[in-house]
S.K.: 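Before we start, here is the structure in question, set down as structure tokens.
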Amino acid sequence: INQSLFAMESMLDELVEKTGLDPFEVRRQNMYVLGDSTHTGQYLGSSVGAQLTLDACRRAFEEEWPTYKAMERPGYRIGYGMAGAMKNVGAGKGKIDDSGATFLLKEDGRVELRVSVVDMGQAIRTTMAQLAAQATGISFDQFDVISQDTGLTHPHRSASGQRQTLVSGNAVVMAGKQFRDRIFELVGQWSAKKPEEMAIIKNEVRTQWTQYVVEETLFTLSQVWERAADEGIDVTAEAVYLAPQTWPLSDKEARSEEH
């Protein structure tokens with residue numbers, strides 16, 4: 001939990017100050033690596049990136065620090081600090097961790113994004129819209145996010161904390177790519193263009209500029225909706241993401257190296 005890590009990192013800073021140890025190296029020596037087991041007995045067989053992350057941060061710091069250090073002047077000092085943390089990004093403990101997302105193109109060209117999340121002050125609705133924009137190419141401000149409505153969103157088993165970025169975020173990315181591809185499929189039928197020749201830029205479907213092709217607008221999103229509606233088509237896509245399986249802490253066999 002990050003609150004306790006704050007205290008731990010503060011004590012490490014005091015240790016470093018009193019001993020003269022390198023603040024990066026003292027943390028590096030105490031980080032988990034691939035093949036370690038946690039104090040609860042969980043074998044870490046994949047996704048153990050603490051040292052790699054720390055090393056990348058150190059390289060970036062050493063590159064940037066001289067620029068900031070040079071800004072010091074009488075009465076004005078610049079310092080630096082660093083800290084590390086480890087946090088789970090899913091429910092774990094054998095629980096089913098899932099979420100869903102639905103994209104629906106509306107008459108005005110805006111996109112309704114229904115996603116199984118609850119905003120508890122962590123700006124998760126903003127995060128979902130950002131992921132949707134990245135997955136589709138549609139402008140961030142074109143999304144109308146609907147969450148916390150069990151009558152409209154996918155049922156799922158938990159909507160707590162940071163897991164929503166991983167689990168609900170993956171659902172949004174998956175559904176967003178399907179939604180983009182569905183638009184390309186329809187526009188391709190109407191304009192004799194291939195999906196790889198098109199891109200969505202803000203609220204328009206355009207041909208991608210190449211050495212031989214001049215970029216042009218094929219359809220706006222509102223025009224896509226209008227043409228699809230005339231043909232009785234709802235432009236929509238949905239996806240459900242199920243996080244990788246985990247096991248209860250009491251299941252020692254499942255937590256062994258073989259698993």
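We number each residue from 1, following the sequence as shown.
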S.K.: Would you mind listing every salt bridge (charged side-chain N to carboxylate O under 4.0 Å, His left out) that reaches into residues 31-58, with sequence neighbours excluded?
M.R.: Asp22-Arg58, Arg28-Asp55, Arg58-Glu62
S.K.: Might you confirm whether atom CD of Glu17 has over 12 heavy atoms from other residues, nucleotides or ligands at distances under 6.0 Å?
M.R.: no
S.K.: Answer yes or no: is there a side-chain heavy-atom contact under 4.5 Å between Val48 and Met31?
M.R.: no
S.K.: Using a 3.5 Å distance criterion without hydrogens, assess whether the side chain of Glu197 forms a donor-acceptor pair with backbone atoms of Lys194.
M.R.: yes
S.K.: Would you say Ser222 and Asp108 make side-chain contact, with heavy atoms under 4.5 Å?
M.R.: no
S.K.: Could you go through Thr38 and Leu44, starting from their C-alpha distance and side-chain angles, then the distance that decides it, and tell me whether this counts as side chain to side chain contact (heavy atoms under 4.5 Å, CB included)?
M.R.: CA-CA 8 Å; Thr38 70; Leu44 302 178; 3.9 Å; yes
S.K.: Excluding sequence neighbours, so at least two apart, what forms salt bridge (charged side-chain N to carboxylate O under 4.0 Å, His left out) with Lys177?
M.R.: none
S.K.: Decide whether Met174 and Leu166 are clustered together by the hydrophobic rule: side chain heavy atoms of Ile, Leu, Val, Met, Phe, Trp, Tyr closer than 4.5 Å, transitively.
M.R.: yes
S.K.: At what distance, to the nearest 0.5 angstrom, does OG of Ser116 lie from CD1 of Ile146?
M.R.: 12.0 Å
S.K.: Treat each ILVMFWY residue as a node, draw an edge where side-chain heavy atoms are under 4.5 Å apart, and state whether Val111 and Ile233 are in one component.
M.R.: yes
S.K.: Show the numbers, then the answer: is there a side chain to side chain contact (heavy atoms under 4.5 Å, CB included) between Arg110 and Trp225?
M.R.: CA-CA 10 Å; Arg110 297 182 63 79; Trp225 180 91; over 6 Å; no
S.K.: Counting C-beta onward and ignoring hydrogens, is there a side-chain heavy-atom pair between Val118 and Ile124 closer than 4.5 Å?
M.R.: no
S.K.: Dump the intermediate steps for side chain to side chain contact (heavy atoms under 4.5 Å, CB included) on Phe184 and Asp181, then the final yes or no.
M.R.: CA-CA 5 Å; Phe184 286 165; Asp181 292 346; 4.3 Å; yes
S.K.: Salt-bridge test for Asp149 and Arg114: reply yes if a basic N is under 4.0 Å from a carboxylate O, no otherwise.
M.R.: no
S.K.: Taking all non-hydrogen atoms of both residues, which atom of Ala129 and which atom of Phe140 are closest, and how far apart?
M.R.: CB-CE1, 3.4 Å
S.K.: Can you measure from CG (Asp97) to CG (Leu242) and round to the nearest 0.5 angstrom?
M.R.: 8.0 Å
S.K.: Can you measure from CG (Leu131) to OG1 (Thr126) and round to the nearest 0.5 angstrom?
M.R.: 11.0 Å
S.K.: I need the minimum non-hydrogen distance between Gly176 and Thr136, along with the two atoms involved.
M.R.: O-CG2, 3.3 Å
S.K.: Evaluate the side-chain proximity of Thr153 to Val115: yes if any heavy-atom separation is below 4.5 Å, no if none is.
M.R.: no
S.K.: Just jot down the side chain to side chain contact (heavy atoms under 4.5 Å, CB included) partners of Ala199, sequence neighbours excluded, or say none.
M.R.: Ile201, Gln208
S.K.: According to a hydrophobic-cluster definition based on side-chain heavy atoms being under 4.5 Å apart (Ile, Leu, Val, Met, Phe, Trp, Tyr only), do Val16 and Met11 belong together?
M.R.: no
S.K.: Among residues at least two apart in sequence or on other chains, which ones pass salt bridge (charged side-chain N to carboxylate O under 4.0 Å, His left out) with Lys202?
M.R.: none
S.K.: Roughly how far, to the nearest 0.5 Å, is CZ of Phe179 from CG of Leu104?
M.R.: 7.0 Å
S.K.: Side chains of Leu105 and Leu221: does their closest heavy-atom pair fall under 4.5 Å?
M.R.: yes
S.K.: Once the angle between the rings of Phe143 and Phe103 is folded into 0 to 90°, is it parallel (under 30°), tilted (30 to 60°) or perpendicular (over 60°)?
M.R.: perpendicular
S.K.: Check the angle between the aromatic planes of Phe61 and Phe24 and answer parallel, tilted or perpendicular using the 30° and 60° thresholds.
M.R.: tilted
S.K.: Working to the nearest 0.5 angstrom, can you tell me the gap between Glu204 CD and Thr217 OG1?
M.R.: 3.5 Å
S.K.: Consider only side-chain heavy atoms of I, L, V, M, F, W and Y, link residues closer than 4.5 Å, and tell whether Tyr80 and Phe6 are in one cluster.
M.R.: no
S.K.: Are Val240 and His156 packed together at the side-chain level, in the sense that at least one heavy-atom pair is separated by less than 4.5 angstrom?
M.R.: no
S.K.: Check whether any side-chain heavy atom of Met198 sits under 4.5 Å from a side-chain heavy atom of Leu218, and report yes or no.
M.R.: yes
S.K.: Could you pull out the closest heavy-atom pair between Arg182 and Thr236, with the gap in Å?
M.R.: CG-O, 4.4 Å
S.K.: Main chain of Met120, side chain of Gln122: is a donor-acceptor contact present, judged purely on distance under 3.5 Å?
M.R.: yes
S.K.: Does Glu185 have more than 12 heavy atoms from other residues, nucleotides or ligands lying within 6.0 Å of its CD?
M.R.: yes
S.K.: Quick one: closest heavy-atom pair of Ala135 and Arg180, and the distance?
M.R.: O-NH1, 3.4 Å
S.K.: Could you tell me which residues satisfy side chain to side chain contact (heavy atoms under 4.5 Å, CB included) with Asp13, sequence neighbours excluded, listed by chain and number?
M.R.: Arg27
S.K.: Around atom OH of Tyr32, are there more than 12 heavy atoms from other residues, nucleotides or ligands closer than 6.0 Å?
M.R.: yes
S.K.: My understanding is that only residues two or more places apart in sequence, or in another chain, count here; which of them pass salt bridge (charged side-chain N to carboxylate O under 4.0 Å, His left out) with Glu238?
M.R.: none
S.K.: Please report the interatomic distance OG(Ser139) to CD1(Ile200), rounded to the nearest 0.5 Å.
M.R.: 12.0 Å
S.K.: Strictly distance-based, threshold 3.5 Å: is any side-chain N or O of Glu9 a donor or acceptor partner for the main-chain N or O of Gly84?
M.R.: yes
S.K.: Quick one: do the Gln223 and Trp190 side chains pair a donor with an acceptor below 3.5 Å?
M.R.: no
S.K.: With heavy-atom distances below 4.5 Å as the criterion, would you say the side chains of Arg227 and Leu186 are in contact?
M.R.: no
S.K.: Please report the C-alpha distance between Tyr241 and Ser99 in whole Å, then the side-chain angles of each, then the deciding distance to 0.1 Å, and finally whether the side chain to side chain contact (heavy atoms under 4.5 Å, CB included) criterion is met.
M.R.: CA-CA 6 Å; Tyr241 176 79; Ser99 187; 5.6 Å; no
